[in-house]
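Structure first, commentary second.
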2 protein chains.
Amino acid sequence: MKYTINEIAKLCNVGKSTVSRVLNKDPKVRSETREKVQRVIDRLGFQPNRSARAMRAGQEPVVGVIVSKLDSGSESQTLRAILQALQAEHITPLIVESRFEAEQVRHHFQLFRERQVNAVILFGFFPLPLEIVREWQGSLVVIARTYPNISSVYYDDEQAITRLMTELYRQGHRRIAYLGIQDSDETTGKLRTQSYLQFCRSHNIRPNSVSVELSAESAYLHCAELFTRPVDALVCATGRLALGAFKFSQQSGRVFPIAYVGYNELLQYMMPNALSLDFGYCQAGLKAVELLMRQLRGKSSTEHYLVSTHQP
Amino acid sequence: MKYTINEIAKLCNVGKSTVSRVLNKDPKVRSETREKVQRVIDRLGFQPNRSARAMRAGQEPVVGVIVSKLDSGSESQTLRAILQALQAEHITPLIVESRFEAEQVRHHFQLFRERQVNAVILFGFFPLPLEIVREWQGSLVVIARTYPNISSVYYDDEQAITRLMTELYRQGHRRIAYLGIQDSDETTGKLRTQSYLQFCRSHNIRPNSVSVELSAESAYLHCAELFTRPVDALVCATGRLALGAFKFSQQSGRVFPIAYVGYNELLQYMMPNALSLDFGYCQAGLKAVELLMRQLRGKSSTEHYLVSTHQP
DNA sequence: CTGAAAGCGCTAACAT
DNA sequence: ATGTTAGCGCTTTCAG
């Protein structure tokens, strides 16, 4: 049931190197021989042993993928693209969850070392000590965050917020509030908040914002603080926060337009009118793999790739 | 930077077989020698080549995992458990999505053959032609569905529905409606609907049910049909359907208790009062791997394992 | 207890 | 164009 290249060779009356050549599409095989061999291969359903090949090739490439949560909408999209791209390259992905905990990431990195993982794609949807990632410099791509000397695919946070604000402004809203993340989070937090403040400044809007933790519940609890002043519309830094805001809206009976950055199937379903702006998550995944491949092939050093928001 | 067993051997002044023995914890090595070798291994951070080992061992085990959707709440939970269990066994999981399409499943099975995948765990959250799965008999575990002669981990649908109904009944509701899936879906559809009807019969409730497709939108669109008659409470076959019902409730302004089978973080957040009953998804994953391992070790034939609902 | 030697299945020089 | 041969890094006899 399990054939080897040797047995195929015997059955074809050729040397095993010829079989190998057919397998590897080496052009210098007479087409007649090739067909003869190929026929036998097909008939027997022969598959060359992966491990043996990997050994000869030096190392079978394995890429670790650290997602923060398997069931997060935007991450799933990116992950989907990553898996496909990786499988096309015949690279085996090893998927693990960080659950937004730095400790988990540290643990997984160590495990990756033991398992001889060649490179890692890390979803950096939360702040992470620099020292943890630095060790993998050269074989690491971080998504959604940038670190010095580490390749990354990150999102154009500023553009996203600006776009949402512009649209709401265009619709005539002036008292636009903002529900964001604390500044300790460099990108999703600080950067997006700053963009909001920037927009307010340049459009003469009196800022009305509050920073919360990255959870729907936190958003829900703090939402009321914004409404001590009149609010025409609300911009949320992420889908999770928007969910909290939505609940606040439901519970308090206040109706107001909500806009948010991100993608969430359920949220989109429940609030079809909400203005949402998501990044090219699929593209981000593809790009991450691309950067990683370039690193692995040793052709390039650090690269950063900026993903814009989708056109609405 | 990359050592081999040979180099370690030289550095220790021992034969490479001794190093191998240390690596494999062979007891017949003098503890003195063992320590000497181990020290060098540790100091150099030597890791035996995975591919070479796999080749000798015959085959590195790879298990394909076909989920229906990466970002489905209940599946993610199970998947999480599966990944952990598999990694503990040092088995590499190959994850792909079926997107609820039989054609995708067929495609992936074929790809698995090519990539020499040893066994498969399949999330059967939708009906699938028998011929597709039969070919993998003996190295396949199906989750959430049963097939003749195929190992499976399935859910106690009847118990789940009965429990929900019982609880609503206990709360005093009598006109309990049911939003289910068409009978073409053997388990989530037919079985659950029958359980509902059964309960109605035995409790003298006039059935009021409608069968829809497995999507929130379908549930939403058909929900109104139930309300042509008075309804005290609604039971939904799945979380997705409950979401549709929730939207209906929001839009129509009708307030009624909703109960559903399944797990959905967002839904739970938006409808904290809803009665929901989920299965031991984590346990299901663990069990699936366990059944698979038994199959792989050739010790057992087909087994079925029934997962009950969690105690509320 | 330990070392030498024989492969595992495959690829890549090297011959022919 | 094709066969022969020498390993890749490891485990496992088989002798000491």
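Throughout, a chain's letter reflects where its sequence line sits, starting with A, and its residues are numbered from 1.
For the segment residues 5-17 of chain A, the set of residues with a heavy atom within less than 4.0 Å of an atom of DNA chain C comprises A/I5, A/K16, A/S17, in numerical order. Residues from residues 20-38 of chain B with heavy atoms under 4.0 angstrom of DNA chain D, sorted by number: B/S20, B/R21, B/N24.
For the helix from C/dC1-D/dG16 to C/dT16-D/dA1, the terminal axes (five pairs an end, C1' atoms, rotation from four pairs onto the next four) enclose an angle of 40°, given to 10 degrees.
Between A/E103 and A/R106 a salt bridge is recorded (basic side-chain N to carboxylate O distance below 4.0 Å). The existence of a salt bridge linking B/K36 and B/E32 is excluded, since no basic side-chain nitrogen approaches an acidic carboxylate oxygen closer than 4.0 Å. Between B/K10 and B/E7 there is no salt bridge, since no side-chain N of the basic residue sits under 4.0 Å from a carboxylate O of the acidic one. One finds a salt bridge joining A/E290 and A/K287 here, because a Lys/Arg side-chain nitrogen approaches an Asp/Glu carboxylate oxygen to under 4.0 Å.
Contact footprint of chain A on DNA chain C: nucleotides with an atom under 4.0 Å from a non-hydrogen protein atom, first to last in 5' to 3' order, C/dG9 to C/dA13.
Residue contacts for A/R53: at a heavy-atom cut-off of 4.0 Å it reaches the sugar-phosphate backbone alone, with no base atom in range.
In terms of modelled atom types and a separation under 3.5 Å, the side chain of A/T78 and the main chain of A/G285 share no donor-acceptor contact. The main-chain N or O of A/K25 is never found under 3.5 Å from a side-chain atom of A/R34 such that the two would form a donor-acceptor pair. Under a 3.5 Å cut-off, the side chain of B/N118 and the backbone N or O of B/V62 do form a donor-acceptor pair. Listed for the A/Y147 side chain is a donor-acceptor partner under 3.5 Å among the backbone atoms of A/L128.
Pairs of residues two or more places apart, or lying in two chains, that qualify as salt bridge (Lys or Arg N to Asp or Glu O under 4.0 Å) and include a residue from residues 41-59 of chain B are A/E60-B/R50, B/R50-B/E60. Applying the salt bridge (Lys or Arg N to Asp or Glu O under 4.0 Å) definition to pairs two or more places apart or across chains, those involving residues 143-155 of chain B are B/R145-B/D185.
The one candidate from B/Y263, B/F123, B/Y281, B/Y305 that meets the ring pair (Phe, Tyr, Trp, His ring centres under 6.0 Å) condition with B/Y155 is B/Y281. For the side-chain contact (heavy atoms from CB on, under 4.5 Å) with A/L70, the lone residue among A/E75, A/E97, A/R99 that qualifies is A/E97.
With contacts defined as side-chain heavy-atom distances shorter than 4.5 Å, the pair B/Q77/B/C282 does not qualify.
With rounding to whole Å, A/R56 atom CZ is found 9 Å from D/dG9 atom P.
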